[in-house]
Amino acid sequence: MAKSQWSFKTAVELSAALKARQVSAVELAEDAIGRIERHDSKINAVCVRDFERGLTAARAADVAIARGEHKPLLGIPMTVKESFNVAGLPTTWGNPSQRDFTPAEDALSTARVKDAGGVILGKANVPLNLADWQSYNDVYGTTNNPYDLGRTPGGSSGGSSAALAAGYGALSLGSDIGGSLRVPAFHCGVYAHKPTFALLPSRGHTPPPLPPLPLDRDLAVIGPMARGAADLSLLLDVMAGPDPLEAGKAYKLELPAARHTSLKDFRVLVIDTDPVLPTDKAVRGTIDKLASNLDKAGAKVSRASPLLPDFAVSSRLYMRLLLSFLGATFPPEVYAGACAAAAALPASDTSLHAERLRGIALSHRDWVIADGGRARLRAQWRELFKSFDAVICPIMPTPAYRQDQSPDQEQRRILIDGEPHVYTDQLVWPGIATLPGLPATAIPTGFAPDGLPVGVQIVGPWLEDRTPLKLAELIEREFGGFVPPKMFDD
């Protein structure tokens with residue numbers, strides 16, 4: 001079959017083609033469905049197919065376009081992460097006990113996507129309880145990386161990133177607390193944006209069988225994923241805005257414009273590694289190359305600053321607050337065992353593993369004290385962003401690693417330049433933006449020598465999401481972006 005000219009276009013490009021009547025929404029949906037049917041037996045990204053309703057939505061989009069209607073996502077094929085409620089489709093979070101849970105209504109973000117004309121073709125796979133940087137579970141099996149089927153596509157939005165890389169629609173919805181938007185984007189060479197905390201309402205992105213109530217879950221956000229930087233803003237604007245059940249009664253959203261519109265005006269702090277968790281030479285190399293390119297383009301690039309918060313201190317604080325949140329859902333016996341292990345720790349043990357154990361056992365009193373530390377951290381970042389517009393830093397320390405489904409993540413190891421490191425310590429790089437709640441845009445920057453994608457995250461100021469998003473667009477325009485995997489050309 002001849003390769004479709006539409007399979008790897010961005011949403012912005014597809015929208016223009018639809019308006020110009022160069023292609024129909026039904027043709028775009030059929031193209032994406034055809035790719036899923038031909039290739040997804042190998043990748044296993046789309047775990048729940050919704051082709052019939054997707055084609056119905058595409059036909060309705062064509063009618064609307066013929067009438068001259070304009071909506072941001074009108075006729076654009078896409079997927080959503082399995083953890084988002086879609087009325088009539090199962091939401092399991094990869095948990096076999098929830099195999100039969102089917103929500104009666106859409107998540108708020110799903111509804112907003114449909115209202116904007118998006119054509120949802122299915123749901124994308126996740127790890128059990130969204131708790132891994134791989135995407136496998138006993139309900140839907142294992143999702144593979146389209147650039148190397150033996151490696152992880154990332155997680156927990158790994159099905160979404162793999163679907164984008166494989167040409168299964170132009171957009172997807174994901175979520176992030178430990179890098180679950182940014183890590184899959186990094187491993188699959190696509191784009192994602194972790195918004196400022198609570199910018200996007202998460203109602204309906206809810207562990208089953210809990211009711212879809214308005215709730216800001218500490219540290220956790222939902223966000224857009226795409227194959228192009230401008231598409232992130234397109235989808236962000238559709239998803240954003242207060243929940244009408246609560247804050248929407250009094251508030252409206254008005255994000256500030258990007259600080260600059262030209263690369264030469266940006267002041268960028270670039271970080272490529274840190275002793276807390278080093279990065280390997282492939283990751284350092286791509287960051288160094290980007291820093292050099294930005295410098296040549298006229299941007300003011302710094303490689304160090306005393307304004308950057310202490311990474312070791314903030315990483316330990318992040319471990320405590322993250323595991324305090326996650327530990328609330330641990331089974332009683334697991335929680336009790338962790339509390340006992342935390343109590344036995346010597347005060348001198350300040351390893352990241354020790355801080356994770358302490359986090360599980362954190363009292364409310366200690367949580368309030370830790371939250372005060374987070375407020376001070378935010379103040380440090382505010383000060384930094386008086387001198388810089390963005391911080392570019394790693395997302396993960398290595399390109400995609402081979403699938404490792406051993407049950408105890410604390411016992412897994414990754415190799416960084418040949419040296420073993422604790423798998424869960426990788427949390428620190430996503431945590432640089434998660435703990436203070438800052439926006440962070442994940443962008444691809446090319447490939448490691450072995451052909452696996454690599455990229456960076458662009459961290460921006462609180463509620464100034466448009467600044468890292470604009471910088472991502474400018475970098476893509478100047479230096480290139482997504483490159484499709486060769487193995488699925490057809």
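Other residues, nucleotides and ligands contribute only 12 or fewer heavy atoms inside 6.0 Å of the NZ atom of Lys281.
Counting heavy atoms from C-beta outward, Trp93 and His205 have side chains that approach closer than 4.5 Å. In this structure, Trp462 and Leu438 have side chains that are in contact, with non-hydrogen atoms separated by less than 4.5 Å. Side-chain contact check for Phe385 versus Arg259: some heavy-atom pair is nearer than 4.5 Å. Using a 4.5 Å heavy-atom threshold, the side chains of Leu173 and Ser109 count as touching. Under the 4.5 Å side-chain criterion, counting only non-hydrogen atoms from C-beta, Glu464 is not in contact with Pro439. When side chains are defined from C-beta on, Pro436 counts as touching Arg378, because their heavy atoms get closer than 4.5 Å. With a 4.5 Å cut-off on side-chain heavy atoms, Leu235 and Met225 do not count as touching. Residues Lys19 and Leu74 form no side-chain contact, since every pair of their non-hydrogen atoms from C-beta on lies 4.5 Å or further apart.
Although no hydrogens or angles enter the test, the distance criterion places a donor-acceptor pair under 3.5 Å between the side chain of Ser135 and the main chain of Gly158. No donor-acceptor distance shorter than 3.5 angstrom exists from the side chain of Arg284 to the backbone of Thr273, with no hydrogens or angles considered. A distance-only check finds no donor-acceptor pair linking the side chain of Asn95 to the backbone of Asn129 [under 3.5 Å]. The backbone N or O of Ala304 lies less than 3.5 Å from no partner atom in the side chain of Ser302, so there is not a single donor-acceptor pair. In this structure, Gln457 contributes its side chain and Pro394 its backbone to a donor-acceptor pair below 3.5 Å. With Arg151 contributing its side chain and Ala400 its backbone, the two residues share a donor-acceptor pair below 3.5 Å. The closest donor-acceptor contact from the side chain of Asp465 to the backbone of Thr196 lies under 3.5 Å. A donor-acceptor distance shorter than 3.5 angstrom exists from the side chain of Tyr168 to the backbone of Asp40, with no hydrogens or angles considered. Proximity of a side-chain donor or acceptor of Ser24 to a complementary backbone N or O of Glu27 within less than 3.5 Å is detected. Within the 3.5 Å criterion, the main-chain N or O of Arg227 finds no donor-acceptor partner in the side chain of Thr10.
By the 4.0 Å N-to-carboxylate-O rule, Asp265 lies too far from Lys470 to be salt-bridged with it. With salt bridges taken as basic N to acidic carboxylate O contacts below 4.0 Å, none links Asp231 and Lys9. Under the 4.0 Å criterion applied to side-chain N and carboxylate O atoms, Lys194 and Asp176 are not assigned as salt-bridge partners. Salt-bridge formation is detected for the pair Arg356/Asp425: a Lys NZ or Arg NE/NH1/NH2 atom is positioned less than 4.0 Å from an Asp or Glu carboxylate oxygen. Contact check on Asp288 versus Arg303 returns a salt bridge, with a Lys/Arg side-chain nitrogen under 4.0 Å from an Asp/Glu carboxylate oxygen.
The minimum heavy-atom distance linking Ser175 with Ser83 is given by the pair OG-OG, 4.4 Å. Heavy-atom minimum distance, Leu171 versus Ala226: CD2-CB, 3.8 Å. Closest of all the heavy-atom pairs between Pro444 and Val190 is CD-O, 3.5 Å. Val119 and Ala29 make their closest contact through CG1-CB, 4.5 Å (heavy atoms, listed as atom of the first residue, atom of the second, distance). Heavy atoms only, all atoms of each residue included: Gly241 and Leu253 are closest at N-CD2, 3.6 Å. Closest heavy-atom contact between Thr143 and Gly159: CG2-CA, 4.2 Å.
Note that the OH atom of Tyr318 and the CD1 atom of Ile432 stand 11.5 Å from one another [nearest 0.5 Å]. Here the CG-CD1 distance, from Leu55 to Ile33, works out to 4.0 Å after rounding to the nearest 0.5 Å. Atom CZ in Arg316 sits 9.5 Å away from atom OG in Ser351 (nearest 0.5 Å). Separating the CD atom in Glu476 from the CD1 atom in Ile443 is a distance of 8.5 Å, to the nearest 0.5 Å. Note that CG of Leu308 is 8.0 Å distant from OG of Ser314, once rounded to the nearest 0.5 Å. Once rounded to the nearest 0.5 Å, the distance linking CG of Leu121 with OG1 of Thr79 reads 8.0 Å.
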Steps toward side-chain contact (heavy atoms from CB on, under 4.5 Å) verdict (Thr434, Leu322): CA-CA 9 Å; Thr434 303; Leu322 176 65; over 6 Å; no
I'd like to know whether Asp237 forms a salt bridge (charged side-chain N to carboxylate O under 4.0 Å, His left out) with Arg112, so could you lay out the CA-CA distance, the side-chain angles of the two residues, the decisive distance to 0.1 Å, and finally the verdict. CA-CA 10 Å; Asp237 288 347; Arg112 286 177 171 174; over 6 Å; no
Check against side-chain contact (heavy atoms from CB on, under 4.5 Å), Phe266 and Leu294: CA-CA 9 Å; Phe266 274 88; Leu294 288 172; over 6 Å; no
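Between the side chains of Lys81 and Ser160, no donor N or O sits under 3.5 Å from an acceptor N or O. Checking Asn144 against Gln403 by side-chain atom types alone, a donor-acceptor pair falls below 3.5 Å.
Ring centroid separation for the pair Tyr401 and Trp133 does not come in under the 6.0 Å cut-off.
With respect to Glu82, the side chain to side chain donor-acceptor pair (under 3.5 Å) criterion is satisfied by exactly one of Thr92, Thr91, Asn125: Thr92.
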